[in-house]
J.: 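I'd like to ask you about the structure that follows.
The residues of the chain are indexed from 1 along the displayed sequence. In this text, all values refer to a predicted model and were calculated from it rather than measured experimentally.
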Amino acid sequence: MLPRFPLHVHISTLFLLLLLVVGSLIGVLGYSTANDILKDTAGEMSNRIGREAESALVNLLAPAEMATRLFSRSNLTAATTLEQRLVSLPLMREALRQSAALNSLYIGYGNGDFFLLLRLENDAERHQFDAPAASAYMVRSIDRPDGQPRGLRIFLDDALNTLRIDEEPDYPRGYDPRKRSWYRAAQASAGQVKTGPYVFYTTRQVGINIANRSERDPTAVVGADVELATLDDLLLRQLPTPGSDIALVDKAGHIIAYHRPRPGPITQDITGKAELPPMSDLTPILRALAPRLGSDIPRQGGLQDQSIDGATWHTAINPVALEGAEPLYLITAIPDRELMVTANRLLAQALFAILFVMILAIPATWMLARGITGPLRKLAGEAESIRHFDFAKPITVDSLVTEITELAKTMASMKRTIRRFLDISATVAGESDFTRLLPSLLSETISAAEAEAGILYLADDDNLTPAAALFGNGTPLPGTVPAIATASGSPLVVALSVGRASGMALAADEAEALGLTAAAKACSASHVIAVPLLNRQDVLVGAVLLFTCRAADEARISFVEALSGSAAVSLENKALIHEQKALFEAMIQLIAGAIDAKSPYTGGHCARVPELTKMLVQAACAAEDGLYKDFQLDDAGWEAVHVAAWLHDCGKVTTPEYVVDKATKLETLYDRIHEVRMRFEVLKRDAEIACLKAIAAGTPETEARAKLAAEWQALDADFAFIAECNEGGEFMAPERLARLQEIAGRTWRRTLDDRIGISHEEKERKARTPAPALPVDEPLLADRPDHRFERGPGDRMPSDNRWGFRMTVPELLYDKGELHNLSVARGTLSAEERYKINEHMVQTFMMLTALPFPKHLREVPEIASCHHETMDGKGYPRRLVREQMGPVARMMAIADIFEALTAVDRPYKKGKTLTESLAIMARMRDTAHIDEEQFELFLRAGVWRDYAARFMRPEQIDTVDIETYLSTGSR
C-alpha cells in the first residue's frame, strides 16, 4: 500500500516539485536548445564544408575537362609517330599552365602507343624521375618506329628545349594504356568520363583522371590528371574544433584529403599499381565510421551520435557529387566534450537558480496549503458519508476559496440527485414486467422532478400513445388521455421533435387540442416540461409530459432530461429484445420450413414434432405424482424446448433429396429400373431377331417361334422379379439373392461409347478401367467401378472427434451398383445411403454447437441432437445411454418416432393407425429403444390422443386400450 499524507503536505510537495520540474524543464530546454543549435550549426558547417569541397573539386577539374575536350578534336589523336606528336607540345604546355592542379596531359592509342606531357614543379619531382635541374616538363612516350614498342623519357625546359632523352625498355612491358581504367571507361562512354580518386602511375600523387574518346580516331583516348593535394589545406581551414576530424574519402573508405599529415600511397608491384591509405588506419572514430560507407548515403542535414571508447562524437557523412563519376564522401567528426561546452555551462547555471528558489518557497508554500485544506477535510467527511449512502445530513461547508464553496454546494445537490437516480434504478431493476414498469418509472420521474403529475407516451408509428398518466402520489389522472399525432404541429410536439427536454407554458387552446385540459385542471398546472425519449439512434420511442405550477429553470430541465435516459433505455431494450426474438423465431421457422419444403414427402414433419414435444413436456410439468411430479420448466426452459424442437432436424439441409425421397432401390435422381427394362427390351429384340434369322435359315417357323415365346416369357419373369426386388417391400432371402446373381450373369451387347456426353466426374470414375473395344457384351446387372463414389478426407470422421460422435462410417461415400442396391435386405436404402440419412444428426449437432446461443439456450444442441439415441447406447450419433441424456431430449425422441409412424406423407410407407403405432413403440420400449417412464407418461396423459385429434386422419384413429401397451410393472 502506498504511504498517505495530509493534503497540505501534498500541496507543498507538489508546488516544490512544480518549481523543480519547471526549473529543470527550463534548464533542460535551454540545454537542449543550445545542444540543438550547436548540433545544427555543426551539421550546417559539415554541409558547407562539403559544398566548398565540391565547389573546389569542380574548379580544379574545369581546366582539365576543357583541355581533354579540345585535344580529343585535335590532330594529335591521329598522329602515328613520335615526331608528329611532338608538334603539339606547345599547345599541351599552354593547357597545363591554365591550372596548377592539372598535372599532366596524355593520349592512349588503339595500338598501345602512349604520349604524355608531365609538368615538373619542384626538385622533389625532378629527383623522382632523375631529371636535369632545368627540367620543367617531361615527355613519356611509347611508339613503334620499327614495329616494336619503344619507351622514351624526354626532359624539356620551360621553352620546350630538349635537355635529355632516356630510353625505358621496361616501360612498354609494364604499361599498356588500353588496360587502364580511364581508357576503358572512355571507350565505353559517348562523352567525357572521370575516374574515382586514385594514385597516379607516373607521379604517385592522389588525383582524378578525366578522359575523352577522340573524335578523329575513335581508338584514341585523351586523358588528364588533376591532383587533389590542395584539398588538405581546405579541410584544415574548416576544422570546427581542435579535436575534430575531417576527411574526404571514396566509397571504399580510402583517404582522398585529410586535415592532418597522413601516410602516403603504397606501391604494390612493378606495374605501378598503388592504393590510397584506408580511413581505418587514421583515428578510432574514422575506423568506427568506415562500415557506414557500405550503402548509399543520402545528403544529410544534421549530425549523428557515435560512441567510441566511452566518448561521444557528433558525426556527419555528406556526399560530394562529381558529374560523370562516383560521389566522394566528406566525413566530419566533432567530439561532444568540445561541442557542448556552452550548453553544459548553461545547464549548471539553471540548476543553481532552481535550488535557490526552492529554499525560499518552502515556508510560504507550507502556510498557504494549511489554509486551503481545512474546508477540504470537511468535504472529505461528507464524501465519506455519500460513499456509505448516508443522505440524511445536509452539507454545510464554507471557505474563502470560491471553488471549495461551489464544490460544497455541488456535493449537496449531488446527494439529492444520486438518491433520486438510485430510486429510479431500483424501480427499473426490480420490475421485469414492462407493463408494470411504465407506471412505476413515471411515478419516480414525477417525484424526482418535483412535478404535480405526468403522462408517459410510447411512439406508435405516427402517434404518441399514452401508456401511463399519474398524479405525483401515484394515482391515475382523471379522464382519458388521447393519443397525439406527431404531425399535429402543436408547440408541444414541435418541442419534442427538437430532441431535447424543454419547458413551456401550457396554453388553454393547446391543452384542449391535445386532450390535456382535464389533466391540467386536475393538478392545477400552468406549465409543462416536454421530455422526448430517444434511443441510441436518436429515434423517438416515447415522451414524458410533466405538469408543474411554475416555469422550470435550466437546471431542473437538465435534471429531468438526464432522468429520462433510463426510460428511453428501458423502452429501447424492450423493443430490441422483442425484435431479436422475432427475428430468431423467423429464422427457426425459415430453416424448418426449408427442410420440409426440400422434400414433398416430409412436409410438415418439422412443424408437427415441436407440437408433440411440447405436449409431452407439458404433461410432465402437469404430473402430480410419479417420476415427474417435481418436473417444471421456467420461461427460459420452455424457450429452449421450443428452439430445439424446431431445429431438431436442421442437419437435413445437407442430406441429398434423392436419398431422403428414395422410394425404390435403384432410384437416384431418377429410377434406374428404366435402364434395366431397356436392357431386357434389347434382349427380347435380340431373341426375336435370332428367331427370324433361324426361320430364314430353314428352321421350322413353329419351332422357332415357340422357342422365342419361351425366351420372352423367361425374360418377362426375370424383369418382373427385378422390378419386385426394386420396390423393397419383401425381405431378400438367400434364394432371391441367388436368382439376382443368376439374372445378372446374362449379357447384352453394347455398340455405343458410354464415355461420351457425360460429366467430368463420371468420366474420371469410368477411367478407373480401360475402355473395352466395341461392340462389347455387358452383364444385365452390374456393380461397376464407376458406380463407386470414394469418400474424401473431409467425409471421414476421426474416432477422437471433438463432438464425441461414434458412428460406423462406410468405406464408400455412395455405391450405386445395381446388384448392390437390389440386394438391400430391407427397405430401399443401401448402407451408404442409410449412413447419409443418419448423418443429418451429425450435421444438426455440429451446426447447433457452432451457434453462439445465450446462456439459457445452451442446452438446445443437446436436446435437439439426441432424438435418435437409444436408452441402451446403440443409437446415433454419439451412442449415449439413458443417463447421459436429459429428460426433454428423451421426450423429443418419443415425439419424433410417433410422428414418423403416423405421418401420411412418406414415399416408402403408409401412415399407421394409433394401434399399430403404439404397438411398435411398445416393442421399442421393451428393447430399450425409448424411455420406459416417458412412454408410460405419453400413454397415461393422453398425449397420443390429443395429437391424433389435431394431426391424424380419421381413418388412422382407431380404438386404443392403453393398458395393452403399458409395461407389466406399471399396470
J.: Closest heavy-atom contact between Trp748 and Leu780?
T.: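 Of all heavy-atom pairs spanning Trp748 and Leu780, the closest is CD1-CA, 4.1 Å.
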
J.: Report, as yes or no, whether the 6.0 Å neighbourhood of atom CG on Asp634 holds more than 12 heavy atoms from other residues, nucleotides or ligands.
T.: yes

J.: Please report the C-alpha distance between Thr902 and Tyr947 in whole Å, then the side-chain angles of each, then the deciding distance to 0.1 Å, and finally whether the side-chain contact (heavy atoms from CB on, under 4.5 Å) criterion is met.
T.: CA-CA 10 Å; Thr902 59; Tyr947 178 82; 3.9 Å; yes

J.: Quick one: do Glu639 and Leu857 satisfy side-chain contact (heavy atoms from CB on, under 4.5 Å)? Show the steps, please.
T.: CA-CA 8 Å; Glu639 186 176 359; Leu857 297 179; 3.9 Å; yes

J.: So, do Leu822 and Phe721 sit near enough that their side-chain heavy atoms are less than 4.5 Å apart?
T.: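 A side-chain contact is absent here, since even the closest heavy-atom pair is not under 4.5 Å.
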
J.: Indicate every side-chain donor-acceptor pair of residues 613-631 with a distance under 3.5 Å to a residue at least two apart or in another chain.
T.:
residue: Thr613; atom: OG1; partner: Val609; partner atom: O; Å: 2.8
residue: Lys614; atom: NZ; partner: His642; partner atom: ND1; Å: 2.5
residue: Tyr628; atom: OH; partner: Gln934; partner atom: NE2; Å: 3.1

J.: For the residue pair Leu740 and Ser823, what are the closest heavy atoms and their distance?
T.: CD1-OG, 4.0 Å

J.: Asp786 vs Lys766, test: salt bridge (Lys or Arg N to Asp or Glu O under 4.0 Å). Steps then yes/no.
T.: CA-CA 5 Å; Asp786 58 282; Lys766 284 189 175 292; 3.5 Å; yes

J.: Any ion pair linking Glu711 and Arg746 (charged N to carboxylate O, less than 4.0 Å)?
T.: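 Judged by the 4.0 Å cut-off on N to carboxylate O distance, Arg746 and Glu711 do form a salt bridge.
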
J.: Which heavy atom of Pro779 sits nearest to which heavy atom of Ala744, and what is that distance?
T.: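 Closest approach of Pro779 to Ala744, heavy atoms only: CB-O, 3.4 Å.
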
J.: How long is the gap from CD1 on Ile930 to CD1 on Ile920, to the nearest 0.5 Å?
T.: 11.0 Å

J.: With side-chain contact (heavy atoms from CB on, under 4.5 Å) as the test, would you mind laying out the steps for Arg923 and His929 before giving the verdict?
T.: CA-CA 8 Å; Arg923 291 194 294 271; His929 192 96; over 6 Å; no

J.: Determine all donor-acceptor pairs shorter than 3.5 Å in which one atom belongs to a side chain in residues 684-696; sequence neighbours excluded.
T.:
residue: Lys684; atom: NZ; partner: Asp716; partner atom: OD1; Å: 2.9
residue: Arg685; atom: NH1; partner: Glu681; partner atom: OE1; Å: 3.2

J.: Set out, in order, the CA-CA distance, both residues' side-chain angles and the distance that settles salt bridge (Lys or Arg N to Asp or Glu O under 4.0 Å) for Arg739 and Glu735, then state yes or no.
T.: CA-CA 6 Å; Arg739 186 178 178 187; Glu735 59 272 15; over 6 Å; no

J.: Quick check: do Ser865 and Arg878 have side-chain heavy atoms less than 4.5 Å from each other?
T.: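 They are in contact (side-chain heavy atoms under 4.5 Å apart), so the answer is yes.
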
J.: My understanding is that only residues two or more places apart in sequence, or in another chain, count here; which of them pass salt bridge (charged side-chain N to carboxylate O under 4.0 Å, His left out) with Asp815?
T.: none

J.: For the pair Glu832 and Arg788, evaluate salt bridge (Lys or Arg N to Asp or Glu O under 4.0 Å) and give the outcome as yes or no after the intermediate values.
T.: CA-CA 11 Å; Glu832 294 78 14; Arg788 296 168 62 88; over 6 Å; no

J.: Can you find a pair of side-chain heavy atoms, one from Gln956 and one from Leu914, that are under 4.5 Å apart?
T.: no

J.: Do Phe853 and Glu859 come within less than 4.5 Å of each other through their side chains, counting heavy atoms only?
T.: no

J.: Would you call Glu869 and Gln884 a side-chain contact if the rule is heavy atoms closer than 4.5 Å?
T.: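 In short, these two side chains do not touch, never coming nearer than 4.5 Å.
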
J.: Please step through side-chain contact (heavy atoms from CB on, under 4.5 Å) for the pair Arg940 and Leu966, ending with a clear verdict.
T.: CA-CA 9 Å; Arg940 293 191 180 281; Leu966 292 173; 3.2 Å; yes

J.: Would you say Arg765 and Arg784 make side-chain contact, with heavy atoms under 4.5 Å?
T.: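 No, their side chains stay 4.5 Å or more apart.
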
